[in-house]
There are 2 protein chains.
Amino acid sequence: MKTTRNTAAKTAVLEIFGNSKTALSHAEIQKQIGDLCDRVTIYRILERLVNDDIIHKIVNLDGTVKYAKCHHHAQRVHIHNHAHFSCEKCLEITCLENVKPSYIIPHNYKVNDINFTLSGLCPNCLNSNI
Amino acid sequence: MKTTRNTAAKTAVLEIFGNSKTALSHAEIQKQIGDLCDRVTIYRILERLVNDDIIHKIVNLDGTVKYAKCHHHAQRVHIHNHAHFSCEKCLEITCLENVKPSYIIPHNYKVNDINFTLSGLCPNCLNSNI
DNA sequence: ATTTTAATCGCAACATTGTTGCGATAATAT
DNA sequence: ATATTATCGCAACAATGTTGCGATTAAAAT
């Protein structure tokens, strides 16, 4: 039945996500974790958290991978269909929970998951550009 | 003025794209190229072709990167705002040129580029599943 | 409280993907 | 034919992710 365990490393990773308003990469998590656990362990924790729908994986336009907390809205089936915004300047990735794309797809395709990422300048960097 | 040259390797890569109906990864191109040119050269050719708007880069949900030919429709500004479909079974990625998402974004964000990828079963694999 | 079990970990080793510097090569303009 | 310089090949490196396996350890069972 595959129970999932609470370990020190997992707790630490969850706390890091709790303190972050933006999505985090493996490297960023590792920097915060320090030598509390191994590099590989972080990969495995992230994998588990994704499977348990506690975080979701975000792939950016440039191919970089980040993770962010899931905010469940009492949906039965949990699909991460909201948009992500990737700032070209500060490189931060944020979930735009309320931005959901609408689209029409040919009937002979079966869609299981979607990825909708917008890239450009976030409000902070847009202001400091003026 | 930076002229761009036609080399044997570039011609070969373009021909491979011409013969493919789906998007191609660096590894797939390399397999077809054989030892006609170096691995690094393929990276540099892909980089150039992207800059010249001859191909566009597609980042899949799982983080894999592929490239596909651009189909220009007499637009002045060339934005790759169409959807891409990634089949979970045959792993092929195809451009859905006619599928374009509509969405509403907060005004304080400046969007320069978008990535809209759908993942699931393509028509071929959907049929063979029945 | 002690034992059992299997989920998780650390480590080492490896694979893939992508980048950079630099001297050599070759496409194009003159 | 010659000059210019975009492109190439090679080697070396870096980042990211994966796998196997014996050692730990959280949590269930006793």
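All chains are named by letter (A, B, ...) in the order of the sequence lines, taking the proteins before the strands, and each is independently numbered beginning at 1. Hydrogens, waters and symmetry mates are skipped; everything else that's a heavy atom, side chains included, is used.
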key: Test of ring centre spacing under 6.0 Å for A:F17 and A:Y67   = no
Nucleotide [N], atom [atom2] - distance to [atom1] of [X] in whole Å:
| X | N | atom1 | atom2 | result |
| --- | --- | --- | --- | --- |
| B:R44 | D:dA11 | CZ | P | 14 Å |
| B:H26 | C:dT19 | NE2 | C1' | 12 Å |
| A:E47 | D:dT18 | CD | C1' | 10 Å |
| B:Y43 | D:dA6 | OH | P | 24 Å |
| A:I29 | D:dT16 | CD1 | P | 12 Å |
| A:K10 | D:dT24 | NZ | C1' | 17 Å |
| B:K66 | C:dG18 | NZ | C1' | 17 Å |
| A:D38 | D:dG20 | CG | C1' | 14 Å |

query = What closest approach, in Å, do A:L61 and B:V59 show between heavy atoms, and which atom pair accounts for it?
reply =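 Closest heavy-atom pair between A:L61 and B:V59: O-CG2, 3.1 Å.
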query = Do other residues, nucleotides or ligands put more than 12 heavy atoms under 6.0 Å from A:N19 CG?
reply = yes
ask   = Want to settle it: does A:I45 or B:T64 sit nearer the 5' end of DNA chain C, counting the closest nucleotide to each?
value =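 Its nearest nucleotide lies further toward 5', so the answer is A:I45.
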message = On DNA chain C, does the nearest nucleotide to B:R39 precede the nearest nucleotide to B:N6 from the 5' side, or the other way round? Give the residue.
response =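 With B:R39 and B:N6 compared, the 5'-side residue is B:R39.
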ask   = How would you label the contact of A:L36 with the nucleic acid (heavy atoms, under 4.0 Å): base, sugar-phosphate, or nothing?
value =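 Answer is sugar-phosphate: A:L36 comes under 4.0 Å of backbone atoms only.
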task = Select base, sugar-phosphate, or nothing to describe what A:I42 touches, counting heavy atoms under 4.0 Å on all strands.
result = nothing
Does OP1 or OP2 of [N] have a side-chain N or O of [X] closer than 4.0 Å?
| X | N | answer |
| --- | --- | --- |
| B:T7 | C:dA26 | no |
| B:T41 | D:dG9 | yes |
| B:T4 | D:dT7 | yes |
| B:R5 | C:dA26 | no |

message = Any non-hydrogen side-chain atom of A:R39 less than 4.5 Å from a side-chain atom of A:H26?
response = yes
Listed nucleotide nearest any side-chain atom of A:V40, set C:dG18, D:dT19, C:dA7 = D:dT19
query = Among C:dT8, C:dG18, D:dG17, which is the nearest nucleotide to the side chain of A:R48?
reply =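 Nearest nucleotide to the side chain: C:dT8.
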inquiry  = Ring-plane angle category for B:H84 and B:H56, please: parallel below 30°, perpendicular beyond 60°, tilted otherwise.
reply    =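 Parallel, since the angle between the ring planes stays under 30°.
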